[in-house]
There are 2 protein chains.
Amino acid sequence: MTEPRWLTTDEREAWLRLMAVTMLLPSRLEAQLKRDAGLTHFEYYVLAMISESPGKSMALTQLAARTNASLSRLSHVIGRLEVQGLLTRCASPRDGRTSLATLTDAGWAKVVASAPGHVEEVRTVVLDPLSARQVAQLSDICGRLLATLDPDHGLLGLDSGRPAG
Amino acid sequence: MTEPRWLTTDEREAWLRLMAVTMLLPSRLEAQLKRDAGLTHFEYYVLAMISESPGKSMALTQLAARTNASLSRLSHVIGRLEVQGLLTRCASPRDGRTSLATLTDAGWAKVVASAPGHVEEVRTVVLDPLSARQVAQLSDICGRLLATLDPDHGLLGLDSGRPAG
DNA sequence: GGCGTTTACTTGAAGCAACAACTAAAAGTT
DNA sequence: AACTTTTAGTTGTTGCTTCAAGTAAACGCC
């Protein structure tokens with residue numbers, strides 16, 4: 001094996017910090033949502049994505065692309081959310097294969113109730129500590145990284161023509 | 001509940017991109033290490049941290065702080081790595097409570113063998129897509145975020161006086 | 001219009017992580 | 001010196017994720 005290009009001190013520093021953020025940020029969001037809404041971050045994200053879809057309804061494959069989940073994982077999670085009465089599964093009238101996850105009133109209420117607390121947490125841990133310029137830089141940088149990590153932009157929902165959030 | 005401060009378009013964009021990165025980056029690293037070294041990213045990280053410690057040996061509490069793991073999680077993982085013969089557990093001579101995880105020759109060899117591929121992946125997905133200025137900006141930004149996320153700097157190993165990596 | 005392929009899920013088993021309860025050693029208290 | 005508290009780690013259970021295998025509808029095609 002040929003000698004690898006090791007990291008410079010600056011690169012190493014940047015990398016370690018980024019990794020620290022990717023380790024700590026999810027658990028921080030997870031903790032807030034679990035505490036205040038009784039949802040995992042993934043469950044919240046699933047509900048939020050559906051809630052922004054027209055008719056508060058979404059096919060699982062589409063949802064899987066947006067949430068970066070395998071269909072298997074999504075199927076299990078949708079099952080749990082269905083048991084909790086936050087959404088319903090129904091077959092698509094157009095395509096017998098696709099099943100649509102549709103928010104119930106309770107599901108919509110859950111999203112409405114939990115969103116403000118979540119947004120507040122995001123402000124506290126990400127946006128507030130940064131200057132406006134840094135927020136713009138962060139956006140640029142992550143955009144660059146996503147060109148490699150997510151070439152099809154499935155997570156940002158660009159291909160389906162709808163904004164995500 | 002009082003009306004929350006919603007995100008502006010720019011803030012929302014930055015946030016969505018950051019979240020996309022924190023979702024995709026771990027699975028990317030995970031995949032490379034699983035494929036090429038048969039290790040989870042967490043297992044690799046544990047081995048790497050121990051390997052940089054003097055005597056290739058580390059107390060579990062110290063290790064837990066560096067890897068952002070609960071003692072419980074670490075105990076389970078150390079158990080598995082011990083079964084694989086990559087490290088050994090032994091009681092500390094100074095303090096009967098602390099148990100030291102020590103890398104075996106096989107464990108050291110594993111780190112040496114897997115590090116270059118991991119570093120290469122880090123270059124590919126993080127460092128190469130960015131300019132030197134952006135790397136510096138990223139470092140600054142993450143440094144700011146860590147002030148909130150990790151006030152004690154346990155993850156970067158600043159309190160123990162040793163660099164991490 | 002039958003037949004293989006692709007797409008869209010579902011299901012069950014196995015592994016890893018989070019949580020809670022526990023043991024044991026050291027340190028502090030009186 | 002006994003007693004409580006704190007620190008360090010272990011263990012078992014529960015739950016979520018991943019992985020492998022399976023089902024069924026739609027599509028391609030000759």
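No experiment lies behind these values; they were computed from the predicted model shown. Letters A, B, ... are given to chains in the order of the sequence lines, protein chains preceding strands, and every chain is numbered from 1.
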Inset, instruction - Could you check how far CE of A:M58 sits from P of C:dA8, rounded to whole Å? - result: 14 Å
Legend entry - Most 5' of A:E43 and A:D95 on DNA chain D, judged by nearest nucleotide: A:E43
Find every protein N or O atom lying less than 3.5 Å from an N or O atom of nucleotides 11-15 of chain D, and list the pairs.
residue, atom, partner, partner atom, Å
D:dT11, O4, B:S72, OG, 3.0
D:dG12, O6, B:H76, NE2, 2.9

Legend entry - Integer-rounded Å distance: D:dC16 C1' and A:E30 CD: 10 Å
Legend entry - B:L39 CG - C:dC16 C1' separation (whole Å): 14 Å
Legend entry - Side-chain donor or acceptor of A:K110 paired with backbone N/O of A:A37 under 3.5 Å: yes
Inset, instruction - Could you pick out which residue, A:L74 or A:K34, lies toward the 5' side of DNA chain C when each is mapped onto its nearest nucleotide? - result: A:L74
Inset, instruction - Mind calculating the distance between CD1 (B:I78) and P (C:dA17) to the nearest angstrom? - result: 12 Å
Inset, instruction - Can you run down the side chain to side chain donor-acceptor pair (under 3.5 Å) pairs that involve residues 139-151 of chain A, sequence neighbours left out, and say none if there aren't any? - result: A:S139-B:R17, A:R144-B:Q134
Inset, instruction - Look at the side-chain N and O atoms of A:T61 and state whether any lies under 4.0 Å from the OP1 or OP2 oxygen of C:dC9. - result: yes
Legend entry - Nearest heavy atoms of A:E43 and A:V77, plus distance in Å: CG-CG1, 4.0 Å
Inset, instruction - Figure out the NE2/P separation between B:H41 and C:dC16, and round it to whole Å. - result: 16 Å
Legend entry - A:S99 vs C:dT10: side-chain N/O to OP1/OP2 distance below 4.0 Å: yes
Inset, instruction - Using whole Å, report how far CG of B:L60 lies from C1' of D:dT10. - result: 10 Å
Inset, instruction - Verify, without hydrogens or angle tests, whether A:R123 (side chain) and B:R5 (backbone) share a donor-acceptor contact under 3.5 angstrom. - result: yes
Inset, instruction - Would you verify whether the NZ or CZ of A:R66 falls within 45 degrees of the ring axis of A:Y45 while also being under 6.0 Å from that six-membered ring's centre? - result: no
Legend entry - Separation of C:dT10 P from A:L81 CG (nearest whole Å): 13 Å
Inset, instruction - On the 0 to 90° scale, with breaks at 30° and 60°, tag the A:H41-A:Y44 ring pair as parallel, tilted or perpendicular. - result: parallel
Inset, instruction - Ignoring hydrogens and angles, tell me if any N or O in the side chain of A:T104 forms a donor-acceptor pair with the backbone of A:G85 under 3.5 Å. - result: yes
Legend entry - Nucleotide D:dG9, atom P - distance to CZ of B:R94 in whole Å: 15 Å
Inset, instruction - Could you work out which one of C:dA25, D:dG9, C:dC9 sits closest to the side chain of B:R97? - result: C:dA25
